[in-house]
Amino acid sequence: MTPTKLPLFPLGTVLFPGALLPLQLFELRYLQMIGECERQGTGFAVVTLTQGREVHRPGASAEQFETLGTRVHIERIERPQAGLVMVWCRGVEKISIQNTRQRSDGLWTGQVHALPPEPAVQVPEDLQHLSVQMHEALTQLSAQPSVVPHWAEAWRLQDCSWLSHRWGELLPLPLQMKYRLFALQEPLMRLELIGDMVPPSAPPAQR
């Protein structure tokens with residue numbers, strides 16, 4: 001598959017496919033990025049920082065980030081005041097990133113390849129408590145007001161990939177652990193690792 005050139009948005013987080021990510025943008029490089037995305041009808045990619053800050057400061061070291069990220073679709077844009085843009089975007093698919101470059105305005109770009117879709121694997125019996133607990137958590141969280149629905153698609157609570165992504169999204173884990181779960185391409189293995197961390201009586205922490 002031919003690689004696609006996308007803007008990159010380094011953040012101190014991991015964005016799982018299907019997750020909603022609200023952003024407040026005020027740096028010039030990202031205001032320009034959103035304007036370009038609007039004009040071209042494209043999205044961008046979120047990548048996990050390994051060095052540097054989300055907001056660049058003069059004299060600070062350049063951002064460094066992981067080689068896997070998430071392509072996002074922009075669902076809503078608001079401009080409440082000059083120099084501030086509110087963006088709601090959703091993770092679409094995992095991507096690998098190569099040939100990164102930083103433009104003169106500070107915006108990173110890279111050539112991205114979509115990773116193969118994860119296989120559909122049924123949640124095994126010994127991990128069914130993860131499905132039950134996630135249903136309870138999503139029901140509570142979905143009742144909270146949001147400009148854009150937290151989870152727009154049907155809940156696939158018996159699909160290891162979708163379920164493990166939701167647990168990765170909601171569990172209060174260290175960044176390195178979240179990225180480790182994210183980088184796995186074996187959904188059952190990801191869910192088993194989560195099952196090792198989550199007892200049957202513990203729902204995910206609400207964000």
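Only this structure's heavy atoms are used, side chains among them; waters, hydrogens and symmetry mates stay out. We number each residue from 1, following the sequence as shown.
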Approximate separation, where rounding is to 0.5 Å, of H165 NE2 and M134 CE: 12.0 Å
Verify same cluster id: V87, L21 (apolar side-chain graph, 4.5 Å): yes
Within 45° cone and under 6.0 Å: R90 NZ/CZ vs W88 ring: no
Side-chain donor/acceptor of T50 to backbone N/O of E66, under 3.5 Å: no
Heavy-atom donor-acceptor pair, T70 side chain to E93 backbone, under 3.5 Å: no
ILVMFWY network linking V132 to L191, side-chain heavy atoms under 4.5 angstrom: no
Parallel, tilted or perpendicular: ring planes of H135 versus W155, cut at 30 and 60 degrees: perpendicular
CD on Q51 to CD on Q64, rounded to 0.5 Å: 4.0 Å
Worked check of side-chain contact (heavy atoms from CB on, under 4.5 Å) between F9 and L23: CA-CA 11 Å; F9 197 111; L23 296 170; 4.3 Å; yes
Atom pair CH2 (W167) and CD (Q133), whose distance is rounded to the nearest 0.5 Å: 4.5 Å
Within one Ile-Leu-Val-Met-Phe-Trp-Tyr cluster: W108 and M33, side-chain cutoff 4.5 Å: no
Would you give me the side-chain donor-acceptor pairs under 3.5 Å for residues 180-187, sequence neighbours excluded?
from, atom 1, to, atom 2, distance (Å)
Q185, NE2, P116, O, 3.2

Short side-chain to backbone donor-acceptor contact, Q128 and V123, under 3.5 Å: yes
Distance, nearest 0.5 Å, that separates CG of D159 from CZ of R166: 10.5 Å
Straight-line distance of I95 CD1 to L68 CG, nearest 0.5 Å: 8.5 Å
Test item: S164 side-chain N/O and R190 main-chain N/O as donor-acceptor pair under 3.5 Å: no
Pair L20-W151, side-chain contact (heavy atoms from CB on, under 4.5 Å): steps then yes or no: CA-CA 7 Å; L20 180 68; W151 298 278; over 6 Å; no
E118 bridged to R156 by N-O distance under 4.0 Å: no
From I97 atom CD1 to R71 atom CZ, the distance as rounded to the nearest 0.5 Å: 12.5 Å
Heavy atoms from other residues, nucleotides or ligands near CD of E153 exceed 12 (cutoff 6.0 Å): yes
same_hphob_cluster(I74, L31) at 4.5 Å side-chain heavy-atom cutoff: yes
Shortest non-hydrogen separation from V198 to H129 and the atoms involved: O-NE2, 3.5 Å
Side-chain donor/acceptor of K178 to backbone N/O of F16, under 3.5 Å: no
